[in-house]
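Here you go, one structure.
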2 protein chains.
Amino acid sequence: MRRPLIRKLEKFTRLSQADKEMLVRIAAHRVRRFAAREDIIHEGEKPEFINLINEGWACRYKTLEDGRRQIIAFFLPGDLCDLNVFILKEMDHSIGAITPVSVSEISRAAFDEMMIGHPRITQALWWETLVAAAIQREWTVNLGQRDALERMAHLLCELFIRLEAAGCTSDSSCEFPLTQTELGETLGMSTVHVNRTLQELRGSNLIVLKDRTLTIPNLQALQDVALFNPNYLHLDREGRHLDANEE
Amino acid sequence: MRRPLIRKLEKFTRLSQADKEMLVRIAAHRVRRFAAREDIIHEGEKPEFINLINEGWACRYKTLEDGRRQIIAFFLPGDLCDLNVFILKEMDHSIGAITPVSVSEISRAAFDEMMIGHPRITQALWWETLVAAAIQREWTVNLGQRDALERMAHLLCELFIRLEAAGCTSDSSCEFPLTQTELGETLGMSTVHVNRTLQELRGSNLIVLKDRTLTIPNLQALQDVALFNPNYLHLDREGRHLDANEE
DNA sequence: GTCCTACATTAACATAGGTAAGGTCGCTGC
DNA sequence: GCAGCGACCTTACCTATGTTAATGTAGGAC
(Lines give C-alpha, C1' and ligand atoms only; values in the text may rest on other atoms or scores of the structure.)
Protein backbone atom coordinates (compact mmCIF):
# COMPACT_ATOMS: atom_id res chain seq x y z
CA MET A 1 0.00 0.00 0.00
CA ARG A 2 1.64 3.18 -1.16
CA ARG A 3 -0.35 6.07 0.26
CA PRO A 4 1.29 8.71 -1.89
CA LEU A 5 -0.81 11.51 -0.41
CA ILE A 6 0.45 10.89 3.11
CA ARG A 7 3.94 10.58 1.81
CA LYS A 8 3.68 13.88 0.02
CA LEU A 9 2.00 15.80 2.83
CA GLU A 10 4.74 14.68 5.17
CA LYS A 11 7.16 16.64 3.04
CA PHE A 12 5.42 19.62 4.53
CA THR A 13 4.40 18.71 8.07
CA ARG A 14 4.38 15.86 10.52
CA LEU A 15 1.06 14.04 10.75
CA SER A 16 -0.28 12.26 13.81
CA GLN A 17 -1.42 8.68 13.73
CA ALA A 18 -5.01 9.90 13.82
CA ASP A 19 -4.33 12.21 10.89
CA LYS A 20 -2.95 9.36 8.84
CA GLU A 21 -5.84 7.08 9.67
CA MET A 22 -8.21 9.80 8.60
CA LEU A 23 -6.43 10.14 5.28
CA VAL A 24 -6.42 6.40 4.73
CA ARG A 25 -10.11 6.28 5.45
CA ILE A 26 -10.86 9.12 3.06
CA ALA A 27 -8.81 7.48 0.34
CA ALA A 28 -10.59 4.17 0.77
CA HIS A 29 -14.10 5.53 0.88
CA ARG A 30 -15.48 6.08 -2.61
CA VAL A 31 -13.02 4.65 -5.03
CA ARG A 32 -13.61 4.77 -8.75
CA ARG A 33 -11.52 3.42 -11.58
CA PHE A 34 -11.13 4.86 -15.03
CA ALA A 35 -9.54 3.45 -18.15
CA ALA A 36 -6.73 5.26 -19.91
CA ARG A 37 -8.11 8.20 -21.95
CA GLU A 38 -11.42 8.18 -20.14
CA ASP A 39 -12.74 11.46 -18.72
CA ILE A 40 -13.06 11.70 -14.97
CA ILE A 41 -15.11 14.86 -15.22
CA HIS A 42 -15.94 16.95 -18.23
CA GLU A 43 -16.12 20.68 -18.88
CA GLY A 44 -19.62 21.95 -18.17
CA GLU A 45 -20.47 19.36 -15.53
CA LYS A 46 -21.20 20.38 -12.00
CA PRO A 47 -18.36 19.41 -9.66
CA GLU A 48 -19.66 17.49 -6.64
CA PHE A 49 -16.48 15.95 -5.29
CA ILE A 50 -12.85 16.59 -4.71
CA ASN A 51 -10.94 13.88 -6.56
CA LEU A 52 -7.88 12.29 -5.06
CA ILE A 53 -5.63 10.33 -7.38
CA ASN A 54 -4.54 7.13 -5.72
CA GLU A 55 -2.86 5.43 -8.62
CA GLY A 56 -2.03 6.33 -12.19
CA TRP A 57 -1.67 9.63 -14.03
CA ALA A 58 -4.41 12.03 -15.02
CA CYS A 59 -4.49 15.52 -16.47
CA ARG A 60 -6.49 18.68 -16.63
CA TYR A 61 -7.10 19.88 -20.14
CA LYS A 62 -9.04 22.36 -22.15
CA THR A 63 -10.09 22.17 -25.76
CA LEU A 64 -10.61 25.19 -27.99
CA GLU A 65 -13.59 25.30 -30.34
CA ASP A 66 -11.41 24.40 -33.27
CA GLY A 67 -10.04 21.31 -31.58
CA ARG A 68 -6.67 22.47 -30.31
CA ARG A 69 -6.09 20.86 -26.94
CA GLN A 70 -3.93 22.11 -24.10
CA ILE A 71 -2.97 19.98 -21.14
CA ILE A 72 -2.99 22.34 -18.20
CA ALA A 73 -1.75 20.17 -15.36
CA PHE A 74 -0.80 16.64 -14.51
CA PHE A 75 -2.20 14.77 -11.56
CA LEU A 76 0.18 12.20 -10.18
CA PRO A 77 -0.49 9.72 -7.38
CA GLY A 78 -1.31 11.61 -4.21
CA ASP A 79 -2.56 14.71 -6.03
CA LEU A 80 -5.89 16.34 -5.24
CA CYS A 81 -8.04 18.13 -7.77
CA ASP A 82 -9.17 21.49 -6.45
CA LEU A 83 -10.12 21.88 -2.85
CA ASN A 84 -13.45 23.66 -2.64
CA VAL A 85 -14.46 23.19 -6.27
CA PHE A 86 -18.03 22.53 -5.29
CA ILE A 87 -18.40 26.27 -4.84
CA LEU A 88 -18.42 26.63 -8.60
CA LYS A 89 -21.44 26.04 -10.75
CA GLU A 90 -19.68 24.19 -13.48
CA MET A 91 -16.31 22.92 -14.56
CA ASP A 92 -14.45 25.22 -16.93
CA HIS A 93 -12.18 22.38 -18.04
CA SER A 94 -12.02 18.61 -18.09
CA ILE A 95 -10.03 16.07 -16.17
CA GLY A 96 -9.04 12.94 -17.99
CA ALA A 97 -7.14 9.78 -17.23
CA ILE A 98 -3.83 9.28 -18.98
CA THR A 99 -3.14 5.79 -17.70
CA PRO A 100 -5.73 3.64 -15.96
CA VAL A 101 -6.36 5.45 -12.67
CA SER A 102 -7.89 4.86 -9.29
CA VAL A 103 -9.54 7.94 -7.84
CA SER A 104 -11.20 8.61 -4.49
CA GLU A 105 -14.13 10.96 -4.41
CA ILE A 106 -14.22 13.21 -1.38
CA SER A 107 -17.63 14.68 -0.67
CA ARG A 108 -18.20 18.11 0.70
CA ALA A 109 -19.27 16.62 4.02
CA ALA A 110 -16.19 14.42 4.34
CA PHE A 111 -14.02 17.36 3.45
CA ASP A 112 -15.63 19.64 6.03
CA GLU A 113 -15.33 16.97 8.68
CA MET A 114 -11.65 16.61 7.97
CA MET A 115 -11.09 20.35 8.06
CA ILE A 116 -12.72 20.65 11.44
CA GLY A 117 -11.13 17.77 13.31
CA HIS A 118 -7.64 17.80 11.81
CA PRO A 119 -5.88 21.15 11.74
CA ARG A 120 -2.62 19.60 10.60
CA ILE A 121 -4.30 18.04 7.60
CA THR A 122 -6.10 21.28 6.91
CA GLN A 123 -2.84 23.14 6.94
CA ALA A 124 -1.18 20.50 4.79
CA LEU A 125 -3.97 20.59 2.25
CA TRP A 126 -3.73 24.34 1.91
CA TRP A 127 -0.04 23.87 1.38
CA GLU A 128 -0.78 21.38 -1.39
CA THR A 129 -3.22 23.84 -2.94
CA LEU A 130 -0.68 26.65 -2.87
CA VAL A 131 1.92 24.39 -4.42
CA ALA A 132 -0.48 23.42 -7.19
CA ALA A 133 -1.00 27.11 -7.89
CA ALA A 134 2.74 27.68 -7.90
CA ILE A 135 3.15 24.89 -10.42
CA GLN A 136 0.56 26.48 -12.65
CA ARG A 137 2.44 29.77 -12.46
CA GLU A 138 5.69 28.07 -13.34
CA TRP A 139 4.01 26.55 -16.39
CA THR A 140 3.10 30.05 -17.45
CA VAL A 141 6.76 31.01 -17.23
CA ASN A 142 7.72 27.85 -19.03
CA LEU A 143 5.42 28.47 -21.98
CA GLY A 144 6.10 32.18 -22.10
CA GLN A 145 9.85 32.36 -21.79
CA ARG A 146 11.61 29.07 -22.34
CA ASP A 147 12.44 27.63 -25.73
CA ALA A 148 11.53 24.09 -26.70
CA LEU A 149 14.57 22.39 -25.21
CA GLU A 150 14.41 24.26 -21.92
CA ARG A 151 10.69 23.74 -21.75
CA MET A 152 10.90 20.00 -22.19
CA ALA A 153 13.77 19.70 -19.74
CA HIS A 154 11.85 21.76 -17.23
CA LEU A 155 8.76 19.58 -17.46
CA LEU A 156 10.79 16.42 -17.02
CA CYS A 157 12.54 17.83 -13.95
CA GLU A 158 9.27 18.85 -12.40
CA LEU A 159 7.53 15.57 -12.99
CA PHE A 160 10.47 13.58 -11.70
CA ILE A 161 10.74 15.57 -8.51
CA ARG A 162 7.02 15.41 -7.89
CA LEU A 163 6.99 11.67 -8.43
CA GLU A 164 9.88 11.37 -6.03
CA ALA A 165 7.90 13.25 -3.36
CA ALA A 166 5.04 10.82 -3.81
CA GLY A 167 7.36 7.83 -3.57
CA CYS A 168 6.97 6.83 -7.21
CA THR A 169 10.59 6.75 -8.36
CA SER A 170 13.43 4.33 -7.90
CA ASP A 171 16.94 5.75 -8.12
CA SER A 172 17.01 7.98 -11.12
CA SER A 173 14.11 6.34 -12.95
CA CYS A 174 10.36 6.54 -13.04
CA GLU A 175 7.46 5.36 -15.11
CA PHE A 176 6.68 7.81 -17.85
CA PRO A 177 3.43 7.09 -19.66
CA LEU A 178 3.11 10.28 -21.72
CA THR A 179 3.06 9.99 -25.48
CA GLN A 180 4.83 12.55 -27.63
CA THR A 181 1.44 13.88 -28.64
CA GLU A 182 0.58 14.53 -25.01
CA LEU A 183 3.94 16.17 -24.42
CA GLY A 184 3.19 18.41 -27.36
CA GLU A 185 -0.21 19.33 -26.01
CA THR A 186 1.43 20.16 -22.71
CA LEU A 187 4.31 22.23 -24.00
CA GLY A 188 2.51 23.93 -26.85
CA MET A 189 4.59 22.38 -29.59
CA SER A 190 4.05 20.01 -32.50
CA THR A 191 4.76 16.31 -32.11
CA VAL A 192 7.48 16.60 -34.68
CA HIS A 193 9.24 19.16 -32.59
CA VAL A 194 8.69 17.15 -29.44
CA ASN A 195 10.47 14.33 -31.14
CA ARG A 196 13.37 16.52 -32.26
CA THR A 197 13.68 17.92 -28.76
CA LEU A 198 13.69 14.53 -27.08
CA GLN A 199 16.35 13.38 -29.53
CA GLU A 200 18.45 16.32 -28.58
CA LEU A 201 18.11 15.58 -24.86
CA ARG A 202 18.97 11.95 -25.53
CA GLY A 203 21.91 12.97 -27.66
CA SER A 204 23.36 14.99 -24.79
CA ASN A 205 22.83 12.05 -22.43
CA LEU A 206 20.51 14.12 -20.32
CA ILE A 207 17.72 11.58 -20.43
CA VAL A 208 17.04 7.98 -21.31
CA LEU A 209 13.43 7.53 -22.35
CA LYS A 210 12.35 4.15 -23.61
CA ASP A 211 9.49 1.74 -23.09
CA ARG A 212 7.55 4.23 -20.96
CA THR A 213 10.45 4.56 -18.54
CA LEU A 214 12.34 7.76 -17.96
CA THR A 215 15.83 7.81 -16.51
CA ILE A 216 17.60 11.01 -15.63
CA PRO A 217 21.24 10.10 -15.07
CA ASN A 218 22.18 13.55 -13.82
CA LEU A 219 19.28 15.56 -12.52
CA GLN A 220 21.38 18.61 -11.81
CA ALA A 221 22.58 18.73 -15.40
CA LEU A 222 19.01 18.56 -16.67
CA GLN A 223 17.98 21.29 -14.24
CA ASP A 224 20.78 23.43 -15.57
CA VAL A 225 19.64 23.28 -19.17
CA ALA A 226 16.05 23.91 -18.01
CA LEU A 227 16.93 26.90 -15.83
CA PHE A 228 15.02 24.89 -13.26
CA ASN A 229 14.69 26.23 -9.74
CA PRO A 230 12.80 23.86 -7.47
CA ASN A 231 11.79 26.53 -4.96
CA TYR A 232 8.28 26.73 -6.39
CA LEU A 233 7.57 23.18 -5.26
CA HIS A 234 8.06 24.24 -1.64
CA LEU A 235 9.28 20.82 -0.65
CA ASP A 236 11.38 21.97 2.30
CA ARG A 237 9.96 20.80 5.58
CA GLU A 238 10.87 24.11 7.26
CA GLY A 239 7.98 25.56 5.33
CA ARG A 240 5.56 24.59 8.03
CA HIS A 241 4.75 26.84 10.92
CA LEU A 242 1.74 25.91 12.92
CA ASP A 243 0.22 28.11 15.53
CA ALA A 244 0.81 27.00 19.06
CA ASN A 245 -2.86 26.22 19.49
CA GLU A 246 -2.73 23.83 16.59
CA GLU A 247 -0.09 21.63 18.22
CA MET B 1 -15.18 55.58 -2.74
CA ARG B 2 -15.10 52.66 -5.16
CA ARG B 3 -14.79 49.47 -3.11
CA PRO B 4 -13.98 47.27 -6.07
CA LEU B 5 -13.63 44.17 -3.89
CA ILE B 6 -17.19 44.38 -2.65
CA ARG B 7 -18.38 45.10 -6.11
CA LYS B 8 -16.61 42.07 -7.44
CA LEU B 9 -17.64 39.67 -4.67
CA GLU B 10 -21.25 40.65 -5.23
CA LYS B 11 -20.96 39.14 -8.68
CA PHE B 12 -20.84 35.88 -6.79
CA THR B 13 -23.01 36.24 -3.71
CA ARG B 14 -25.11 38.73 -1.83
CA LEU B 15 -23.33 40.29 1.14
CA SER B 16 -25.00 41.53 4.29
CA GLN B 17 -24.48 45.03 5.61
CA ALA B 18 -22.24 43.58 8.30
CA ASP B 19 -20.21 41.73 5.67
CA LYS B 20 -19.67 44.92 3.73
CA GLU B 21 -18.66 46.87 6.78
CA MET B 22 -16.17 44.18 7.60
CA LEU B 23 -14.67 44.39 4.14
CA VAL B 24 -14.49 48.17 4.29
CA ARG B 25 -12.75 47.96 7.65
CA ILE B 26 -10.24 45.42 6.38
CA ALA B 27 -9.50 47.53 3.33
CA ALA B 28 -8.92 50.62 5.40
CA HIS B 29 -6.74 49.05 8.04
CA ARG B 30 -3.14 48.90 6.92
CA VAL B 31 -2.87 50.79 3.70
CA ARG B 32 0.41 51.13 1.86
CA ARG B 33 1.22 52.98 -1.32
CA PHE B 34 3.76 52.06 -3.93
CA ALA B 35 5.10 53.97 -6.89
CA ALA B 36 4.83 52.58 -10.40
CA ARG B 37 7.46 49.87 -10.98
CA GLU B 38 8.12 49.44 -7.28
CA ASP B 39 8.08 45.92 -5.83
CA ILE B 40 5.38 45.15 -3.31
CA ILE B 41 7.06 41.93 -2.28
CA HIS B 42 10.04 40.21 -3.76
CA GLU B 43 10.91 36.60 -4.51
CA GLY B 44 12.63 35.02 -1.52
CA GLU B 45 10.94 37.17 1.10
CA LYS B 46 8.70 35.65 3.70
CA PRO B 47 5.06 36.48 3.06
CA GLU B 48 3.37 37.88 6.17
CA PHE B 49 0.24 39.42 4.71
CA ILE B 50 -2.44 38.94 2.16
CA ASN B 51 -2.37 41.99 -0.09
CA LEU B 52 -5.54 43.55 -1.36
CA ILE B 53 -5.26 45.96 -4.27
CA ASN B 54 -7.46 48.98 -3.66
CA GLU B 55 -6.35 51.17 -6.52
CA GLY B 56 -4.03 50.80 -9.47
CA TRP B 57 -2.62 47.81 -11.32
CA ALA B 58 0.03 45.40 -10.11
CA CYS B 59 1.43 42.14 -11.41
CA ARG B 60 3.00 38.91 -10.36
CA TYR B 61 6.19 38.14 -12.21
CA LYS B 62 9.15 35.84 -12.27
CA THR B 63 12.60 36.45 -13.63
CA LEU B 64 14.88 33.73 -14.99
CA GLU B 65 18.56 33.72 -14.12
CA ASP B 66 19.42 35.16 -17.50
CA GLY B 67 17.05 38.09 -17.11
CA ARG B 68 14.03 36.99 -19.12
CA ARG B 69 10.93 38.16 -17.31
CA GLN B 70 7.45 36.68 -17.40
CA ILE B 71 4.40 38.43 -16.06
CA ILE B 72 2.28 35.70 -14.54
CA ALA B 73 -0.84 37.55 -13.47
CA PHE B 74 -2.32 40.99 -13.22
CA PHE B 75 -3.86 42.36 -10.08
CA LEU B 76 -6.59 44.87 -10.74
CA PRO B 77 -8.51 46.90 -8.19
CA GLY B 78 -10.35 44.54 -5.84
CA ASP B 79 -7.95 41.65 -6.40
CA LEU B 80 -6.40 39.72 -3.55
CA CYS B 81 -2.98 38.14 -3.67
CA ASP B 82 -3.05 34.57 -2.41
CA LEU B 83 -5.25 33.65 0.49
CA ASN B 84 -3.23 31.64 2.96
CA VAL B 85 0.21 32.53 1.61
CA PHE B 86 1.63 32.81 5.07
CA ILE B 87 1.77 29.03 5.13
CA LEU B 88 4.73 29.18 2.78
CA LYS B 89 8.26 29.85 3.89
CA GLU B 90 9.17 32.17 1.10
CA MET B 91 7.80 33.79 -2.03
CA ASP B 92 8.65 31.95 -5.23
CA HIS B 93 7.92 35.06 -7.31
CA SER B 94 7.61 38.81 -6.96
CA ILE B 95 4.70 41.18 -6.99
CA GLY B 96 5.30 44.60 -8.46
CA ALA B 97 3.31 47.75 -9.04
CA ILE B 98 2.57 48.68 -12.63
CA THR B 99 0.91 52.00 -11.91
CA PRO B 100 1.04 53.73 -8.54
CA VAL B 101 -1.02 51.45 -6.28
CA SER B 102 -2.72 51.48 -2.95
CA VAL B 103 -2.62 48.14 -1.17
CA SER B 104 -4.16 46.91 2.08
CA GLU B 105 -2.23 44.39 4.10
CA ILE B 106 -4.40 41.75 5.72
CA SER B 107 -2.73 39.99 8.61
CA ARG B 108 -3.23 36.38 9.45
CA ALA B 109 -5.24 37.34 12.52
CA ALA B 110 -7.56 39.66 10.61
CA PHE B 111 -8.01 37.01 7.98
CA ASP B 112 -8.87 34.31 10.51
CA GLU B 113 -11.30 36.61 12.25
CA MET B 114 -13.06 37.30 9.00
CA MET B 115 -13.25 33.62 8.11
CA ILE B 116 -14.84 32.75 11.42
CA GLY B 117 -17.47 35.46 11.71
CA HIS B 118 -18.49 35.87 8.07
CA PRO B 119 -19.30 32.67 6.21
CA ARG B 120 -20.56 34.59 3.19
CA ILE B 121 -17.27 36.41 2.86
CA THR B 122 -15.39 33.18 3.40
CA GLN B 123 -17.34 31.57 0.64
CA ALA B 124 -16.86 34.55 -1.62
CA LEU B 125 -13.13 34.63 -1.01
CA TRP B 126 -12.79 30.98 -1.91
CA TRP B 127 -14.70 31.76 -5.05
CA GLU B 128 -12.25 34.54 -5.84
CA THR B 129 -9.35 32.16 -5.21
CA LEU B 130 -10.82 29.53 -7.51
CA VAL B 131 -11.38 32.15 -10.19
CA ALA B 132 -7.78 33.33 -9.88
CA ALA B 133 -6.67 29.73 -10.40
CA ALA B 134 -8.98 29.42 -13.41
CA ILE B 135 -7.44 32.54 -14.89
CA GLN B 136 -3.99 31.10 -14.45
CA ARG B 137 -5.09 27.96 -16.25
CA GLU B 138 -6.54 29.97 -19.08
CA TRP B 139 -3.22 31.77 -19.44
CA THR B 140 -1.61 28.38 -19.85
CA VAL B 141 -4.00 27.63 -22.69
CA ASN B 142 -3.39 31.07 -24.10
CA LEU B 143 0.37 30.69 -24.21
CA GLY B 144 0.28 27.10 -25.30
CA GLN B 145 -2.29 27.11 -28.07
CA ARG B 146 -3.18 30.55 -29.32
CA ASP B 147 -1.16 32.49 -31.85
CA ALA B 148 -0.07 36.07 -31.27
CA LEU B 149 -3.24 37.73 -32.49
CA GLU B 150 -5.59 35.43 -30.61
CA ARG B 151 -3.41 35.70 -27.53
CA MET B 152 -3.44 39.46 -27.48
CA ALA B 153 -7.16 39.61 -28.16
CA HIS B 154 -7.79 37.12 -25.40
CA LEU B 155 -5.82 39.09 -22.86
CA LEU B 156 -7.63 42.29 -23.74
CA CYS B 157 -11.01 40.61 -23.41
CA GLU B 158 -10.11 39.17 -20.05
CA LEU B 159 -8.78 42.39 -18.64
CA PHE B 160 -11.74 44.36 -19.86
CA ILE B 161 -14.27 41.97 -18.37
CA ARG B 162 -12.42 41.82 -15.08
CA LEU B 163 -12.25 45.60 -14.90
CA GLU B 164 -15.94 45.74 -15.62
CA ALA B 165 -16.65 43.39 -12.71
CA ALA B 166 -14.68 45.69 -10.43
CA GLY B 167 -16.50 48.76 -11.71
CA CYS B 168 -13.48 50.21 -13.48
CA THR B 169 -14.87 50.68 -16.99
CA SER B 170 -17.17 53.19 -18.61
CA ASP B 171 -19.08 52.03 -21.65
CA SER B 172 -16.65 50.24 -23.84
CA SER B 173 -13.52 51.93 -22.49
CA CYS B 174 -11.09 51.50 -19.66
CA GLU B 175 -7.75 52.77 -18.53
CA PHE B 176 -4.98 50.67 -19.91
CA PRO B 177 -1.59 51.43 -18.39
CA LEU B 178 0.43 48.52 -19.82
CA THR B 179 3.36 49.32 -22.07
CA GLN B 180 4.09 47.21 -25.09
CA THR B 181 7.08 45.80 -23.26
CA GLU B 182 4.85 44.61 -20.45
CA LEU B 183 2.41 43.12 -22.92
CA GLY B 184 5.31 41.24 -24.44
CA GLU B 185 6.44 39.94 -21.08
CA THR B 186 2.90 38.77 -20.45
CA LEU B 187 2.24 37.08 -23.75
CA GLY B 188 5.69 35.66 -24.31
CA MET B 189 6.41 37.70 -27.40
CA SER B 190 8.85 40.40 -28.46
CA THR B 191 7.89 44.06 -28.33
CA VAL B 192 8.20 44.22 -32.08
CA HIS B 193 5.61 41.55 -32.45
CA VAL B 194 3.39 43.10 -29.81
CA ASN B 195 3.43 46.22 -31.91
CA ARG B 196 2.62 44.36 -35.13
CA THR B 197 -0.21 42.55 -33.37
CA LEU B 198 -1.72 45.70 -31.92
CA GLN B 199 -1.56 47.32 -35.34
CA GLU B 200 -3.43 44.40 -36.76
CA LEU B 201 -6.15 44.64 -34.13
CA ARG B 202 -6.42 48.37 -34.73
CA GLY B 203 -6.51 47.82 -38.46
CA SER B 204 -9.52 45.55 -38.09
CA ASN B 205 -11.24 48.10 -35.84
CA LEU B 206 -11.28 45.61 -33.02
CA ILE B 207 -9.61 47.96 -30.59
CA VAL B 208 -8.74 51.60 -30.12
CA LEU B 209 -5.71 51.97 -27.90
CA LYS B 210 -4.27 55.40 -27.40
CA ASP B 211 -3.09 57.54 -24.51
CA ARG B 212 -3.36 54.67 -22.04
CA THR B 213 -7.01 54.19 -22.85
CA LEU B 214 -8.43 51.08 -24.39
CA THR B 215 -11.73 51.06 -26.21
CA ILE B 216 -13.32 47.89 -27.48
CA PRO B 217 -16.08 48.95 -29.84
CA ASN B 218 -17.42 45.43 -30.27
CA LEU B 219 -16.48 43.07 -27.48
CA GLN B 220 -18.14 40.10 -29.08
CA ALA B 221 -16.10 40.54 -32.23
CA LEU B 222 -12.89 40.66 -30.21
CA GLN B 223 -13.96 37.58 -28.28
CA ASP B 224 -14.54 35.81 -31.56
CA VAL B 225 -11.03 36.37 -32.84
CA ALA B 226 -9.65 35.36 -29.44
CA LEU B 227 -11.71 32.18 -29.19
CA PHE B 228 -12.64 33.69 -25.86
CA ASN B 229 -15.09 31.87 -23.63
CA PRO B 230 -15.82 33.79 -20.44
CA ASN B 231 -16.98 30.74 -18.49
CA TYR B 232 -13.65 30.51 -16.66
CA LEU B 233 -14.31 33.82 -14.93
CA HIS B 234 -17.38 32.32 -13.25
CA LEU B 235 -19.14 35.65 -13.13
CA ASP B 236 -22.66 34.24 -13.12
CA ARG B 237 -24.43 34.86 -9.85
CA GLU B 238 -26.05 31.42 -9.95
CA GLY B 239 -22.66 30.06 -9.06
CA ARG B 240 -23.31 30.51 -5.39
CA HIS B 241 -24.94 27.85 -3.30
CA LEU B 242 -24.66 28.28 0.40
CA ASP B 243 -25.54 25.64 2.91
CA ALA B 244 -28.71 26.27 4.82
CA ASN B 245 -26.78 26.76 8.02
CA GLU B 246 -24.78 29.52 6.41
CA GLU B 247 -27.84 31.58 5.64
C1' DG C 1 1.16 -15.23 -39.62
C1' DT C 2 -1.45 -11.04 -41.19
C1' DC C 3 -3.88 -7.06 -40.29
C1' DC C 4 -4.62 -3.10 -37.59
C1' DT C 5 -3.67 0.55 -34.71
C1' DA C 6 -0.92 3.59 -31.92
C1' DC C 7 3.21 5.65 -31.56
C1' DA C 8 7.80 7.20 -33.02
C1' DT C 9 10.81 8.94 -36.49
C1' DT C 10 12.50 11.46 -40.52
C1' DA C 11 12.74 14.68 -44.35
C1' DA C 12 11.50 18.82 -47.15
C1' DC C 13 9.49 22.86 -46.96
C1' DA C 14 6.79 26.97 -45.04
C1' DT C 15 6.02 30.64 -41.72
C1' DA C 16 5.21 33.00 -37.38
C1' DG C 17 7.66 35.45 -34.76
C1' DG C 18 12.48 36.96 -33.06
C1' DT C 19 16.62 40.18 -33.50
C1' DA C 20 18.98 44.29 -34.44
C1' DA C 21 18.95 48.68 -35.53
C1' DG C 22 17.25 53.04 -35.95
C1' DG C 23 13.76 56.77 -35.96
C1' DT C 24 9.99 59.83 -33.91
C1' DC C 25 7.56 61.99 -30.36
C1' DG C 26 6.63 63.99 -25.98
C1' DC C 27 8.22 64.52 -21.26
C1' DT C 28 11.40 66.09 -17.45
C1' DG C 29 15.23 68.42 -15.66
C1' DC C 30 18.32 72.06 -15.76
C1' DG D 1 16.66 75.75 -25.27
C1' DC D 2 18.33 71.33 -25.36
C1' DA D 3 20.00 66.88 -23.43
C1' DG D 4 18.24 62.65 -21.93
C1' DC D 5 14.84 59.24 -21.58
C1' DG D 6 10.97 56.15 -22.13
C1' DA D 7 7.46 54.65 -25.06
C1' DC D 8 6.24 53.80 -29.60
C1' DC D 9 6.82 52.44 -34.26
C1' DT D 10 9.16 50.57 -38.44
C1' DT D 11 12.17 47.95 -41.61
C1' DA D 12 15.13 44.14 -43.08
C1' DC D 13 16.65 40.00 -42.14
C1' DC D 14 16.98 35.49 -39.77
C1' DT D 15 15.66 31.20 -37.16
C1' DA D 16 12.96 28.29 -34.24
C1' DT D 17 9.29 25.83 -34.84
C1' DG D 18 5.15 24.27 -37.53
C1' DT D 19 3.19 21.46 -41.51
C1' DT D 20 2.70 17.69 -44.35
C1' DA D 21 3.48 13.48 -45.38
C1' DA D 22 6.02 9.25 -45.84
C1' DT D 23 8.09 5.38 -43.27
C1' DG D 24 9.19 2.41 -39.34
C1' DT D 25 8.06 -0.51 -35.49
C1' DA D 26 5.85 -3.02 -31.90
C1' DG D 27 1.89 -5.13 -29.85
C1' DG D 28 -2.93 -6.99 -29.90
C1' DA D 29 -6.74 -9.48 -32.24
C1' DC D 30 -7.98 -13.32 -34.62
Side-chain angles (χ1 to χ4, degrees), chain A residues 35-38 57 64 66-71 96-100 142-156 175-203 207-214 225, chain B residues 35-38 57 64 66-71 96-100 142-155 175-203 207-214 225-226:
Chain A
R37 307 293 149 84
E38 202 178 341
W57 289 33
L64 298 185
D66 62 5
R68 282 175 276 178
R69 180 170 105 125
Q70 173 72 36
I71 290 178
I98 287 181
T99 65
N142 213 18
L143 288 166
Q145 298 299 324
R146 283 184 256 255
D147 68 21
L149 188 74
E150 295 165 338
R151 213 142 79 213
M152 178 67 76
H154 194 281
L155 177 66
L156 299 181
E175 280 182 50
F176 196 84
L178 302 178
T179 65
Q180 296 189 356
T181 303
E182 286 159 341
L183 284 170
E185 290 167 339
T186 305
L187 298 173
M189 53 206 251
S190 65
T191 52
V192 173
H193 205 54
V194 167
N195 191 285
R196 289 196 270 248
T197 306
L198 287 174
Q199 301 297 351
E200 195 176 341
L201 288 171
R202 284 195 260 249
I207 62 166
V208 181
L209 176 53
K210 209 172 163 259
D211 300 331
R212 317 269 112 147
T213 300
L214 170 67
V225 337
Chain B
R37 307 292 148 83
E38 204 178 339
W57 291 31
L64 299 185
D66 62 6
R68 281 175 277 177
R69 182 170 104 125
Q70 174 71 36
I71 292 178
I98 287 180
T99 65
N142 213 17
L143 288 167
Q145 298 301 324
R146 284 185 255 255
D147 68 21
L149 188 75
E150 295 165 339
R151 213 143 79 212
M152 177 69 74
H154 194 280
L155 177 66
E175 280 182 51
F176 196 84
L178 301 178
T179 65
Q180 295 188 354
T181 303
E182 286 159 340
L183 284 170
E185 290 167 339
T186 305
L187 298 173
M189 53 206 252
S190 66
T191 52
V192 173
H193 206 53
V194 167
N195 190 285
R196 289 196 270 247
T197 306
L198 288 175
Q199 300 299 352
E200 195 174 341
L201 288 171
R202 283 194 262 249
I207 63 167
V208 182
L209 177 54
K210 210 171 160 261
D211 301 331
R212 317 268 110 148
T213 300
L214 171 67
V225 338

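Naming: A, B, ... by sequence-line order, numbering from 1 per chain. Just so you know, these numbers use all the heavy atoms, side chains as well, and skip hydrogens, waters and symmetry mates.
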- Message: Is the phosphate of D:dC8 approached by B:Asn195 (side-chain N or O, under 4.0 Å from OP1 or OP2)?
- Response: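 Looking at the OP1 and OP2 atoms of D:dC8, neither is under 4.0 Å from any side-chain N or O of B:Asn195.
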- In whole angstroms, the gap separating P of D:dC8 from CG of B:Leu214 amounts to 13 Å
- Task: Please report, rounded to the nearest Å, how far the P atom of D:dG18 is from the CG atom of A:Leu187.
- Result: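 Result: 10 Å.
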- Task: Look at A:Arg146 and D:dT17 and indicate whether a side-chain polar atom (N or O) is within less than 4.0 Å of OP1 or OP2.
- Result: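 So the side chain of A:Arg146 is outside the cut-off, no N or O lying under 4.0 Å from OP1 or OP2 of D:dT17.
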- Query: Regarding B:His193 and B:Arg196, is there a side-chain donor-to-acceptor distance under 3.5 Å anywhere?
  - Reply: yes
- Query: Are A:Arg202 and C:dT9 close enough that a side-chain N or O sits under 4.0 Å from OP1 or OP2?
  - Reply: yes
- Message: How bent is the helix from C:dG1-D:dC30 to C:dC30-D:dG1, measuring the angle between the end axes built from five pairs each, rounded to 10°?
- Response: 40°
- Distance test, side-chain N/O of A:Gln180 to OP1/OP2 of C:dA6, below 4.0 Å: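 So the side chain of A:Gln180 is outside the cut-off, no N or O lying under 4.0 Å from OP1 or OP2 of C:dA6.
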- Query: Taking only residues two or more places apart in sequence, or in another chain, which ones meet B:Asp66 in a side chain to side chain contact (heavy atoms under 4.5 Å, CB included)?
  - Reply: A:Leu227, B:Leu64, B:Arg68
- Give a yes/no on whether any side-chain N or O of A:Arg212 is located under 4.0 angstrom from OP1 or OP2 of D:dG27. no
- Query: Rounded to whole angstrom units, what separation is found between the NE2 atom of A:His193 and the P atom of D:dA21?
  - Reply: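 In whole Å, D:dA21 P and A:His193 NE2 are 21 Å from each other.
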- Query: Looking at the side chain of B:Ser190, which of D:dG18, C:dT19, D:dC9 is the nearest nucleotide?
  - Reply: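 My answer, after comparing the listed nucleotides, is C:dT19.
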- For B:Met189 and C:dT19, what is the distance between atoms CE and P respectively, to the nearest whole Å? 13 Å
- Rounded to the nearest angstrom, tell me the gap between atom CG in A:Leu198 and atom P in C:dC7. 15 Å
